[in-house]
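Below is one structure, written out as structure tokens; the observations come after it.
The sequence lines fix the lettering, A, B, ..., with proteins before strands; numbering per chain opens at 1.
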Protein chains: 2
Amino acid sequence: MKKNLTGDAKPAEWPVNPNTSKAAKRTAAQPDTTNAVPSGTVSRVIRRSKEQAPRHAASAAVAPVPGSALADAETGAATRRKPHRRRPTGRVTIADVAKHANVSPMTVSRALKNPAQVLPEARARVEAAVVALGYVPSHAARTLASARSRVVGVLVPSLTNAVFVETLAGIQDCLGAAGYQFLIGNTSYSSAKQTELLSMYLTHAPDGFLVTGIDESDAIRERLAAARVPVVHMYDLSRDPSEWTVGFSQQNAGYAITQYLLERGYRRPGFIAAQLDPRTMRRRTGFRRALRDAGLDPDLEVLTPEPSSVGLGTRLLVEMLERAPDCDAIFCNNDDLALGALFECQRLGIRVPDQLAIAGFNDLPSSAWSTPSITTVTTPRYQIGFQAAQMLLQILEGKTPKKNRIDLGFTLTPRQSA
Amino acid sequence: MKKNLTGDAKPAEWPVNPNTSKAAKRTAAQPDTTNAVPSGTVSRVIRRSKEQAPRHAASAAVAPVPGSALADAETGAATRRKPHRRRPTGRVTIADVAKHANVSPMTVSRALKNPAQVLPEARARVEAAVVALGYVPSHAARTLASARSRVVGVLVPSLTNAVFVETLAGIQDCLGAAGYQFLIGNTSYSSAKQTELLSMYLTHAPDGFLVTGIDESDAIRERLAAARVPVVHMYDLSRDPSEWTVGFSQQNAGYAITQYLLERGYRRPGFIAAQLDPRTMRRRTGFRRALRDAGLDPDLEVLTPEPSSVGLGTRLLVEMLERAPDCDAIFCNNDDLALGALFECQRLGIRVPDQLAIAGFNDLPSSAWSTPSITTVTTPRYQIGFQAAQMLLQILEGKTPKKNRIDLGFTLTPRQSA
DNA sequence: CTGAAAGCGCTTACAG
DNA sequence: CTGAAAGCGCTTACAG
């Protein structure tokens, strides 16, 4: 049986490496020592099932499906179609396991999914068969039969930004443990790209979505709604009470760091930002509000739609100082911009924070270590991922989360640069 | 027809948001304006197909399938089993499209996959039906029927390291364009985690794998071989001629940067490294070889298995200087360590490169911008991803790549720090 | 060029 | 607790 299965296995259809195919040989030659069938009983059962007609075929013979090969065979019709034999996939199926364990496929299915439903002996035989045959469940078949994919679509605007990588880690830690797979999509801050990714993902029938930054596009909202699947929004707090969201107030965070600068005595703070995604714009709103509340005019801004980077930070600092030589503090929309600004100050001989204060946003891993270290806003991005995933999980399990919106807050982290 | 489909659609099984479910209402109420069927002819066709028995059902009525509801209704048998009616999935299927377009499901399938095989008129009707019904193909069904998943498993040791994120971008750009999806696995430099991820991925029956850093684990090699699917190894050059690899010689790169330091006149270079994965160890070998070739003793090393980071770089620098105050240059195994070392020098008042030279590895985006900028080895990680993906694509399409191993090389990038 | 049949590998929904 | 039937939504392999 074992031999047979191995022999039937799908031949390598992809080109064999021009050089000696050592790996392939290794596999083929390798005896299945760990998987040896232990008892004679089991192998006899297997042999019998190979020699007899399959059980299911019997009932078909009693009431043949019209036009089937079997029906024709019985009437002796010469006009029968050739049976459409597919080339064997070579995959070990639940049926193989069932035969090997001398149970029905259903029992195998249960033993795998809900072991408690199956008698210990049967379960043990199934488990042994799984190991012996190297059975790997087919995700496609499971999805098709159960209408649940155990896949979650995750849409983030960037993977270059460490912030979202940490969010992914949080998602992974929560949903991965629950047996979910992810389709990770990098939307590159582009709404067109996001729409495209969404379409691809929809074919995979994800059980849910975890998304960032879809704020403004109606097309995307509609597509998500059409998927009829729960969606949790990350990174901000929705104004819409019908949406599930986990995040914090970007605007309040922008307000807080600006207020901090003002409290420290800086009177002419500027704001530099790249990307200009909705979250950035809300931090900017916070910056402007704080200045106005202090009776100041929020006129110092250098904004660019380019992607954020350390290099860009060096350039934006220069632009800011050219525009406003009296600028005494800069709120950088992200720590990478802040680091670039700091580097540029070092190059120009500007002392930080004495001559110019620099504040960042996000608290990236390196910000605590620069000289001077960077004053910033610490954001709970791992937690955002983890709790958003947890919220989705609850929804998928039919429990209603207590709140539709979780505010994880942020922390002001004063260091040396401001 | 349209209405009917919408009506049958799967109800939201997940809990409705406690607050007004505005999004849901919006979807339900929203008329399908963009999809309005334009011509009277088409709608007539639709209506007809609702009123008549569908073509395919006709044959079923003539020769009922045993046990089906239809058969029982006609025979009036009292002993019939209840038909096992699943709750409808609400999904628009290829059969729905077929009815709408008045063709067979096969024609829809062909029109979608190989439009040239279908007559223009039929194709047009199919395309219209797809839009009208909002048909989304089922990946699970396709995979099950075709035994090809169009999914590729990608295993990288870290997502925190910008290096691998860029590799992912290269893979994305190549394989994404060809319609493949990815299962992105972060192995966290752990072989156990890698084995676990591999098992999960196998259930998805990926068409191929793109992996990094499996060098030493036989368990993983065997699992990959058992998958009977092509595997391309990234980031190094395999010594095994039966493996597909795209990368560069880590050892030569380590040798080159060390030799550069020696040529610049540094006589007492040290090596600091974290993570200690196989690639790191090969760079170290290069470092040692270069020193020996120059008649020097490679005794200055500070190694730690901890994950690499800027913060760690500050600490390793201190350790190195405590161990060897006469150290005059440091080769840091990664640019993040180099940046940390540079920050620490600034803190300690050590002038770089005058008192101590610092060299990094990988050329991360910020390395060009620090003050001083960091001398490093520029590595082709986007290209590694792109070309590895391309190689895999060729294999999957049945073409044999010309070479089983592509050496993308590396570049020495001298800047200010060494 | 088009279509009817069968089947991919599971689970659901029954019955016992 | 266990199993036979049907079906999930496609494509393959035929036949015409």
Nearest whole angstrom, please: distance from the C1' of D/dT2 to the CG of A/Leu119.
9 Å
Given pairs defined as Watson-Crick or G-U wobble with both distances under 3.5 Å, what dot-bracket annotation applies to DNA chain C, with ( ) intrastrand, [ ] crossing, | other strand and . unpaired?
|||.||||||||.|||
Separation of atom CZ in B/Arg148 from atom C1' in C/dC8, rounded to whole Å
16 Å
Out of D/dG3, D/dC10, C/dC10, minimum distance to the side chain of A/Ser104 belongs to D/dG3
Tell me the interatomic distance from A/Arg150, atom CZ, to C/dT11, atom P, rounded to whole angstroms.
12 Å
DNA chain C: 5'-proximal contact among B/Ala122 and B/Ala141 (nearest heavy atom)
B/Ala122
Look at the side chain of B/Asp207 and the backbone N and O of B/Ser149, then say whether any donor-acceptor pair between them is shorter than 3.5 Å.
yes
Length of the line joining B/Ile94:CD1 and D/dC10:P, which is rounded to integer Å:
5 Å
Return yes if a side-chain donor-acceptor contact under 3.5 Å exists between A/Ser199 and A/Arg223, otherwise no.
yes
CZ of A/Arg150 to CD of A/Gln181: how many Å apart, nearest 0.5 Å?
11.0 Å
My understanding is that only residues two or more places apart in sequence, or in another chain, count here; which of them pass salt bridge (Lys or Arg N to Asp or Glu O under 4.0 Å) with A/Glu397?
A/Lys399
Taking side-chain contact (heavy atoms from CB on, under 4.5 Å) as the definition, give me every residue that meets it alongside A/Val136, ordered by chain and number, with sequence neighbours left out.
A/Arg91, B/Leu202, B/Thr203
I need the residues from residues 106-116 of chain B with at least one non-hydrogen atom less than 4.0 Å from DNA chain D; give them sorted by number, or say none.
B/Met106, B/Ser109, B/Arg110, B/Lys113
Roughly how many Å is it from CD in B/Gln117 to P in D/dA13, rounded to a whole number?
14 Å
Rounded off to whole Å, could you give me the NZ-to-P distance for the B/Lys99 and C/dT2 pair?
20 Å
Length of the CG-C1' vector between A/Leu144 and D/dC8, whole Å:
4 Å
Mind calculating the distance between NE2 (A/His139) and C1' (C/dC8) to the nearest angstrom?
15 Å
Taking side chain to side chain donor-acceptor pair (under 3.5 Å) as the test, write out the residues that go with B/Thr143, two or more places apart.
B/His139
Using side-chain contact (heavy atoms from CB on, under 4.5 Å) as the criterion, list what pairs up with A/Ala178, not counting sequence neighbours.
A/Tyr180, A/Leu393
